[in-house]
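The block underneath contains the structure these notes are about, expressed in structure tokens.
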Protein chains: 4
Amino acid sequence: MDMAFDMNEAVASRARQAADPDSNVGGIAVDRLRSVIERVERLEEERKALAGDIKDIFAEAKSAGFDVPTLKNIIRLRKKEPSEIEEQETLLDIYRRALGM
Amino acid sequence: MDMAFDMNEAVASRARQAADPDSNVGGIAVDRLRSVIERVERLEEERKALAGDIKDIFAEAKSAGFDVPTLKNIIRLRKKEPSEIEEQETLLDIYRRALGM
Amino acid sequence: MDMAFDMNEAVASRARQAADPDSNVGGIAVDRLRSVIERVERLEEERKALAGDIKDIFAEAKSAGFDVPTLKNIIRLRKKEPSEIEEQETLLDIYRRALGM
Amino acid sequence: MDMAFDMNEAVASRARQAADPDSNVGGIAVDRLRSVIERVERLEEERKALAGDIKDIFAEAKSAGFDVPTLKNIIRLRKKEPSEIEEQETLLDIYRRALGM
DNA sequence: CAAGAATTATGAACCC
DNA sequence: GGGTTCATAATTCTTG
């Protein structure tokens with residue numbers, strides 16, 4: 001009985017490959033490939049959820065009377081060093097004056 | 001005595017505003033403004049962390065011999081309906097044939 | 001002799017299609033397809049050339065001691081209405097004061 | 001008469017600066033600044049016009065029954081070497097097979 | 001050559 | 001619902 005198994009070993013092997021996520025297909029480590037893809041997809045889901053949360057907060061802020069572009073502007077400024085902000089604003093002022101703006 | 005209070009109420013009020021995050025400054029609800037900004041910043045931090053994680057996974061995959069652009073391609077495909085993929089590939093083939101590509 | 005004509009009509013037709021850019025291939029108006037693609041490619045070339053010119057100007061300006069990010073900032077400002085600039089700067093100032101920035 | 005020259009030189013200089021676009025303002029070469037900005041703005045205008053032309057062509061193509069995303073796809077492909085296209089398609093196929101897609 | 005920034009293109013969201 | 005603006009994603013180019 002168990003000998004019949006040997007006869008079809010090649011075929012059985014191929015069948016296992018189809019069923020077994022750990023096998024190689026065309027020289028590709030299928031299990032690792034799946035792992036990479038699924039982990040990235042998972043993280044992207046979380047990122048998307050956070051983006052939704054942020055959007056909700058801005059919508060709420062808008063309802064409360066805040067100006068959303070200005071809020072975003074503030075958040076952008078807060079990422080910079082105060083000295084960097086100062087420096088850029090100074091330069092901008094110089095150029096604006098030079099142009100009479 | 002209690003009159004002194006009234007006399008300086010305006011000044012005292014301004015002093016409280018400077019110290020009290022719940023007060024209004026220039027018609028702006030400061031506490032709420034802070035809340036909005038800090039919540040968004042918190043979520044953006046998390047988003048950034050996730051982006052870093054994704055980057056790490058791709059770097060690891062690259063080290064393991066995977067082709068990163070192709071991985072991204074696969075992930076993009078998996079977001080679409082199979083019928084949509086099929087449709088687009090069919091159209092592309094038709095146009096390529098028409099142009100002899 | 002004249003029968004050979006008919007017999008091979010289908011083949012001959014396909015041969016003509018291969019040679020004739022005005023023919024249809026798979027229901028596609030090949031000549032029009034080519035026209036669309038080549039016109040877009042031509043315009044994209046021009047766009048790319050202009051992008052190069054702009055880059056050159058900024059490089060030259062940088063050599064002359066100008067701060068390129070500030071130059072871009074100025075150009076961005078000049079696209080807006082003065083009233084719009086004023087309005088946005090006022091709002092930003094209010095929020096910054098409210099936050100003690 | 002020539003003495004008035006010296007006495008009011010500083011004031012006269014400032015007056016000239018205000019009137020003369022070639023002067024320096026705050027250490028900035030105003031004429032050169034203007035030149036840079038206006039040249040860039042000119043080129044950006046042209047770029048914008050070309051972008052509009054491209055948009056028009058795609059709109060026309062859409063009306064004629066072409067699928068615009070596929071057209072863009074074709075144009076992207078035509079920018080690549082045939083060998084590069086082949087290579088990428090092969091890799092994609094391998095990964096898809098490995099994942100049973 | 002890799003990493004980072006900057007630009008461009010695509011897709012989504014908002015307003016009309 | 002369509003058009004326009006805005007955000008994100010990808011590609012490209014520069015710099016270390």
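Letters A, B, ... are given to chains in the order of the sequence lines, protein chains preceding strands, and every chain is numbered from 1. All values reported here derive from a predicted model rather than from experimental measurement.
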Sugar-phosphate, base or nothing in reach of A:Lys55, heavy atoms under 4.0 Å: sugar-phosphate
Whole-Å distance separating the NZ atom of A:Lys72 from the P atom of E:dC14: 9 Å
Nearest-0.5 Å distance that lies between atom CD in C:Glu81 and atom CD in C:Gln88: 11.5 Å
Interatomic distance where CD belongs to C:Glu44 and P belongs to E:dT8 [whole Å]: 12 Å
B:Asn73 CG to F:dT11 C1', straight-line distance once rounded to whole Å: 14 Å
B:Ile54 CD1 - F:dA10 P separation (whole Å): 10 Å
Value rounded to 0.5 Å, distance of OG1 in D:Thr70 from CG in B:Leu91: 4.5 Å
B:Ile74 CD1 - F:dA10 P separation (whole Å): 14 Å
Between P of F:dT8 and CD1 of B:Ile75, the distance in whole Å: 19 Å
Spacing between D:Arg76 atom CZ and F:dA10 atom P, to the nearest angstrom: 12 Å
Note: C:Glu89-C:Lys80 ion pair, threshold 4.0 Å (strictly below): no
Gap between atoms NZ and P, on B:Lys48 and F:dT8 respectively (whole Å): 15 Å
Phosphate OP1/OP2 of E:dT8: any D:Arg47 side-chain N/O under 4.0 Å: yes
Distance below 4.0 Å between A:Lys62 side-chain N/O and E:dC15 OP1 or OP2: yes
Most 5' of A:Ala59 and C:Ala51 on DNA chain E, judged by nearest nucleotide: C:Ala51
Distance (rounded to the nearest 0.5 Å) between A:Arg42 CZ and B:Asp53 CG: 11.5 Å
Sugar-phosphate only, base, or nothing, as touched by D:Lys79 at under 4.0 Å among non-hydrogen atoms: nothing
